[in-house]
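Okay, structure first, notes after.
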Amino acid sequence: MVGERIPDARRSRGLSIDDVAATTRLRPLTIEAIEDDDFSLCGGESYAIGHLRIIANVVGLDGDDLVREYRRR
């Protein structure tokens with residue numbers, strides 16, 4: 001699952017959800033939902049893809065890889 005990779009990467013960098021929210025300007029609730037593979041709070045597919053890319057950059061994941069995985073789901 002796409003979201004399952006994010007918390008591990010986030011924690012390995014010593015980041016909390018609030019840290020990621022402050023850097024990305026995304027709401028913590030949205031980040032939590034994405035980590036649970038719930039993209040309903042993103043506002044549509046284009047926003048979900050943008051959110052994944054932004055979060056990936058902060059937590060050290062490959063954004064293109066996350067987007068490919070999101071599209072396959």
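Both Leu26 and Ile17 are members of a single hydrophobic cluster when ILVMFWY side chains are connected at heavy-atom separations under 4.5 Å. Ile49 and Phe39 end up in the same hydrophobic cluster when Ile, Leu, Val, Met, Phe, Trp and Tyr side chains are linked at under 4.5 Å. In terms of hydrophobic clustering, with Ile, Leu, Val, Met, Phe, Trp and Tyr side chains grouped at heavy-atom distances under 4.5 Å, Leu41 and Leu66 are assigned to different clusters. Residue Ile54 is not grouped with residue Leu15 when hydrophobic side chains (ILVMFWY) are merged at heavy-atom distances under 4.5 angstrom, including chains of intermediate members.
Taking 4.5 Å as the limit, every side-chain heavy atom of Ile31 sits out of range of all side-chain heavy atoms of Ile6. Two residues are said to be in side-chain contact when any heavy atoms from C-beta on lie closer than 4.5 Å; Glu45 and Tyr70 meet this criterion. Taking the side chain as every heavy atom from C-beta outward, Arg68 and Asp64 approach each other to under 4.5 Å.
Side-chain contact annotation: Asp38 with Ser40, donor-acceptor N/O pair under 3.5 Å present.
The minimum heavy-atom distance linking Ala56 with Asp62 is given by the pair CB-C, 4.2 Å.
At distances below 3.5 Å, not a single donor-acceptor pair connects side-chain atoms of Glu35 with backbone N or O atoms of Gly3. With hydrogens and angles disregarded, no donor-acceptor distance shorter than 3.5 Å links the side chain of Arg10 to the backbone of Val59. For the pair Asp36 (side chain) and Ala33 (backbone), a donor-acceptor distance under 3.5 Å is absent.
A salt bridge links Asp65 with Arg5: at least one charged nitrogen is closer than 4.0 Å to a carboxylate oxygen.
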Does the salt bridge (Lys or Arg N to Asp or Glu O under 4.0 Å) test come out yes or no for Arg73 and Asp37, once each step is laid out? CA-CA 10 Å; Arg73 63 181 200 99; Asp37 278 315; 5.9 Å; no

Steps toward side-chain contact (heavy atoms from CB on, under 4.5 Å) verdict (His51, Thr30): CA-CA 9 Å; His51 293 351; Thr30 301; 4.1 Å; yes

